[in-house]
Amino acid sequence: MVTAAGACRSEGKPESPRAEAPRAPAEAAAPEEPADLHGTGGVEGVDAAYDQSRQPARFIAALGIGPGQRIADVGAGQGYFTQRLADAVGPTGRVVATDINDEAIRRLRVRVLARRNVEVRKVEPDAPGLEAGAYDLILLSEVDHFFSDRVDYLTRLRAALTPQGRIAVTHLRAMRPPLVAAAQAAGYTVVAEVNDLPDHYLLFLRPSARP
């Protein structure tokens, strides 16, 4: 915010009146900015450099999703991967895309309006909002650093997995160590990892076997 400060005028003889300079025409009001979309990701096809970094087609293939599966796209934002996930599970599958940002949710709902196998769902911070035992794969894409407690959030996600369900996590490589530490503390094992993406890691978690 810019605050205009009035200049102090010294006392003394009054100044001679001066002709007032013509005023510039009033500028039109700037259009209202959209709600804050920080941290909600992008939309495929908008930024070529970002698409090159994320490699969406290769990424979705690496997830190993099959037709009919139920997927949770947690912290989906504007849904960078949501539509490709919907294509991968097909008409008999289901994608539930969650986020806490109202504007991101509004935009994503518009984009997937014609897709009957996608549900966009608003959730509360630090609450996954997913049904128990329902998901074959839960995707966390560039989102775990927003959790106030990674261990607690990952622990909450466990209940939403099917017996053979997995959690896939992807982020910039520098963000891998804290995620792996939190996953181990929450009782998960890294069961697979993909290392050939340009800038991101991709790993898969499963709950560790109980003794």
Look at the side chain of [X] and the backbone N and O of [Y], then say whether any donor-acceptor pair between them is shorter than 3.5 Å.
X      : Y      : value
Gln69  : Gly66  : yes
Arg116 : Pro91  : no
Arg166 : Val191 : no
Asn117 : Val89  : no
Arg150 : Val180 : no

Residues [X] and [Y] bridged, charged N to O under 4.0 Å:
X      : Y      : result
Arg54  : Glu44  : no
Asp99  : Lys122 : no
Arg176 : Asp144 : no
Asp152 : Arg156 : yes

If two hydrophobic side chains count as joined below 4.5 Å and joins carry through other members, does [X] share a cluster with [Y]?
X      : Y      : answer
Leu202 : Ile60  : yes
Leu203 : Leu154 : yes
Val190 : Leu157 : yes
Phe204 : Ile71  : yes
Tyr135 : Val74  : yes

Checklist entry - Taking it one step at a time, do Leu140 and Phe147 satisfy side chain to side chain contact (heavy atoms under 4.5 Å, CB included)? => result CA-CA 11 Å; Leu140 305 177; Phe147 302 153; 4.3 Å; yes
Using every non-hydrogen atom in the two residues, find where [X] and [Y] come nearest and quote the distance to one decimal.
X      : Y      : answer
Gln52  : Gln55  : O-NE2, 2.8 Å
Thr92  : Pro67  : OG1-C, 4.3 Å
Val118 : Ala86  : CG2-CB, 3.5 Å
Gly129 : Val123 : CA-CG1, 4.1 Å
Glu124 : Ile100 : C-CG2, 3.9 Å
Ala97  : Ala76  : CB-CB, 3.7 Å

Any [X] side-chain heavy atom under 4.5 Å of [Y] side chain:
X      : Y      : result
Ile167 : Leu161 : yes
Glu142 : Thr170 : no
Asp51  : Val46  : no
Gln83  : Pro56  : no
Thr189 : Leu205 : no
Asp87  : Arg115 : yes
Val194 : Tyr201 : no
Gln78  : Leu108 : no

Checklist entry - What's the spacing between Asn101 CG and Arg106 CZ if we round to 0.5 Å? => result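 Here the interatomic distance stands at 10.5 Å.
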Checklist entry - Say you draw a straight line from CG of Asp73 to CG of Leu139; how long is it, rounded to the nearest 0.5 Å? => result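 Going from the CG atom of Asp73 to the CG atom of Leu139 covers 5.0 Å.
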Please identify each residue that fulfils salt bridge (charged side-chain N to carboxylate O under 4.0 Å, His left out) with [X], with sequence neighbours left out.
X      : answer
Asp136 : none
Asp47  : none
Arg121 : Glu119, Glu131
Arg173 : none

Item to check | ring-ring contact (aromatic ring centres under 6.0 Å, His included) contacts touching residues 50-82 (sequence neighbours left out) | outcome: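 As it turns out, the ring-ring contact (aromatic ring centres under 6.0 Å, His included) pairs with a partner in residues 50-82, which skip direct neighbours, are Tyr50-Tyr80, Phe59-Phe81.
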Item to check | ring-ring contact (aromatic ring centres under 6.0 Å, His included) contacts touching residues 168-192 (sequence neighbours left out) | outcome: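 Sorted result for residues 168-192: His145-His171.
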Item to check | Residue pair Val43, Arg111: steps toward the side chain to side chain contact (heavy atoms under 4.5 Å, CB included) verdict | outcome: CA-CA 10 Å; Val43 175; Arg111 291 177 56 227; 3.6 Å; yes
Checklist entry - Can Arg70 and Thr162 be said to form a side chain to side chain donor-acceptor pair (under 3.5 Å), step by step? => result CA-CA 10 Å; Arg70 188 175 177 96; Thr162 62; over 6 Å; no
